[in-house]
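Written out below as structure tokens is the structure these notes cover.
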There are 2 protein chains.
Amino acid sequence: MAASATREKIITSADRLFYERGFEATSFADVAKAVGISRGNFYYHFKTKDQILDAVIERRIKDRHDMLNDWVDDRQTPKQCVASFIGILLMNNKKIRSFGCPVGTLFSELAKLHHPSESGARKLFDLFRIWLRRRFEDMGRPHDADALAMHILARSQGAATLANAYPNEPFLENEVNQMIAWLDAVADQNAKKD
Amino acid sequence: MAASATREKIITSADRLFYERGFEATSFADVAKAVGISRGNFYYHFKTKDQILDAVIERRIKDRHDMLNDWVDDRQTPKQCVASFIGILLMNNKKIRSFGCPVGTLFSELAKLHHPSESGARKLFDLFRIWLRRRFEDMGRPHDADALAMHILARSQGAATLANAYPNEPFLENEVNQMIAWLDAVADQNAKKD
DNA sequence: CCATGATTGGGACAATTGTCCCAATTCGTC
DNA sequence: GACGAATTGGGACAATTGTCCCAATCATGG
């Protein structure tokens, strides 16, 4: 098999395992078994575990980047874009209830480990933050766009954490509705000023 | 030294290490070194690592329980009580910026590990949830007290996660101010109905 | 002061970890 | 079909893990 294809399969399996079990709790052997290759072969594709982590982070950044920009390209209004962002919580609600937010939980773990890739994980937050900020700017909020972006990012993180703690409750849906209502209020505030 | 005193020192050190480094990333040897006892001696006080974790969770529950009830005993109004809860974020802002929320990050890790003590960690959330619910009930919100409690809990979790990701920004203070403003609005809503 | 039980440190144990090597196999190309 | 490079599996390696045992030391009551 082509090396690049095996490499992609490794990243895919590692991505899922790092999310579901955590980075440290996932061993080389776990990933190798999931991919269906030997531990020895593994070394041919990635020299260290940290290299896999970096590849996984890079993959996640690319995936999220494409998802966000698709919404913009689809001619969604800035408000619709932010609503789509909030909708991620419902789109992935099953996984979030089981494992929390892939961005937040990875960052928390790497921060505690003082892992060199902590800054890489923060780039995932940056991606969402900058994209959201731009949307709020386009909504006519140049002065507080960043604060609004951080606010909705924090609300999402909190909702994911609590949904993970209480997976069998309608909490997540309620919280999403409140966030959409908040978004409406932000947009209305703008309409008044115009 | 009395066995009980050594035991308390072990719990204190483990509590800090589990918070700062995570449960899995903290080894028996780490805790033993922090306490200043030998690894062999350790076994005399705790048979397994999971037993230490349970003791740490129990300790955290007791500490938070006492803190919350002190506010009630101090004749603070229900609204003041909730404000004090929100104020935890500022009181512990340095630690939160470095290591996130002790409750949320521990729960996330144990959830990923499918650790038996996941339910114990959830009790920490329950403690805050039930206490907050009671305060909102006392504020005259019997119908949506639980939803309000969950909401403020989620907001706190999200604020802690983002403060951990962006420790050098005034974000946490802004978010606390917004939460206090939200609390005022909830209380005002009540005043109108009266 | 001694005897008894509580507490301790040193170290053994198998299992697993990330890392690394190397001989065998597979593959594309001539 | 043969050659050379790409890819593979099996296994070695030291280090660390949680767990456990045991002999030495301590404190205390007789």
Side-chain angles (χ1 to χ4, degrees), chain A residues 1-58 106 109-110 112-118 120-121, chain B residues 1-58 106 109-110 112-118 120-121:
Chain A
M1 185 193 306
S4 62
T6 304
R7 189 187 153 91
E8 292 306 307
K9 281 172 65 177
I10 291 174
I11 297 175
T12 300
S13 288
D15 190 356
R16 192 181 68 250
L17 288 171
F18 289 174
Y19 175 40
E20 294 180 357
R21 306 184 187 178
F23 170 68
E24 264 233 330
T26 302
S27 70
F28 260 76
D30 291 333
V31 182
K33 184 188 287 183
V35 180
I37 63 175
S38 68
R39 260 175 35 253
N41 184 11
F42 216 107
Y43 185 68
Y44 178 77
H45 299 279
F46 292 96
K47 298 301 177 198
T48 68
K49 199 182 171 186
D50 289 355
Q51 283 183 13
I52 310 177
L53 176 60
D54 286 339
V56 166
I57 291 175
E58 200 180 342
L106 178 66
E109 181 179 2
L110 297 186
K112 281 187 195 295
L113 297 174
H114 297 293
H115 194 282
S117 296
E118 176 188 337
Chain B
M1 186 193 306
S4 63
T6 305
R7 189 188 153 90
E8 293 305 308
K9 280 172 66 177
I10 290 173
I11 297 176
T12 299
S13 288
D15 191 357
R16 192 181 67 252
L17 288 171
F18 289 173
Y19 175 41
E20 294 181 355
R21 305 184 189 179
F23 170 68
E24 264 233 330
T26 302
S27 69
F28 259 76
D30 291 333
V31 182
K33 184 189 286 184
V35 179
I37 63 175
S38 68
R39 261 176 33 253
N41 183 12
F42 217 108
Y43 185 69
Y44 178 77
H45 299 280
F46 293 94
K47 298 300 177 198
T48 69
K49 199 181 171 188
D50 289 354
Q51 283 183 13
I52 311 178
L53 175 59
D54 287 338
V56 166
I57 292 175
E58 199 180 346
L106 178 66
E109 182 179 2
L110 298 185
K112 280 186 196 297
L113 297 174
H114 297 292
H115 194 284
S117 295
E118 176 188 337

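In what follows, chains are A, B, ... by sequence order, proteins preceding strands, each numbered from 1.
- The OH atom of B/Tyr44 sits 13 Å away from the P atom of C/dG5 (whole-angstrom rounding).
- Contacts of A/Phe28 classified as ring pair (Phe, Tyr, Trp, His ring centres under 6.0 Å), with partners at least two apart in sequence or in another chain: A/Phe42.
- The NE2 atom of A/His45 sits 12 Å away from the C1' atom of D/dG9 (whole-angstrom rounding).
- For A/Ser117, the side-chain hydrogen bond (donor to acceptor under 3.5 Å, both in side chains) partners are A/Asp54, not counting sequence neighbours.
- Within the structure, side-chain hydrogen bond (donor to acceptor under 3.5 Å, both in side chains) pairs that include any residue of residues 18-28 of chain A comprise A/Arg21-A/Asp30, A/Ser27-A/Asp30 (at least two apart or interchain).
- Applying the ring pair (Phe, Tyr, Trp, His ring centres under 6.0 Å) test to B/Phe23 and every residue at least two apart in sequence or in another chain returns B/Phe18, B/His115.
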Polar atom pairs (N or O), protein with nucleotides 17-21 of chain D, under 3.5 Å:
unit_1	atom_1	unit_2	atom_2	d
D/dT17	OP1	B/Ser27	OG	3.3
D/dG18	OP1	B/Lys49	NZ	3.0
D/dG18	OP2	B/Phe28	N	2.9
D/dT19	OP2	B/Lys49	N	2.7

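- Applying the side-chain contact (heavy atoms from CB on, under 4.5 Å) criterion to B/Lys33, with sequence neighbours excluded, gives no partner residue.
- Here the side chains of B/Lys9 and B/Thr6 are not in contact, with every heavy-atom distance at 4.5 Å or above.
- Rounding to whole angstrom units, NZ of residue B/Lys9 and C1' of C/dT7 are separated by 13 Å.
- For A/Thr12, the side-chain hydrogen bond (donor to acceptor under 3.5 Å, both in side chains) partners two or more places apart in sequence, or in a different chain, are A/Arg59.
- Residues forming a side-chain hydrogen bond (donor to acceptor under 3.5 Å, both in side chains) with A/Glu118 (at least two apart in sequence, or on another chain): none.
- Taking 4.0 angstrom as the limit, A/Thr6 places none of its side-chain polar atoms (N or O) nearer than this to OP1 or OP2 of D/dT7.
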Every protein N/O within reach of nucleotides 24-26 of chain D N/O, cut-off under 3.5 Å:
none

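- Look at CZ on A/Phe46: it is 16 Å from C1' on D/dT8, rounded to the nearest Å.
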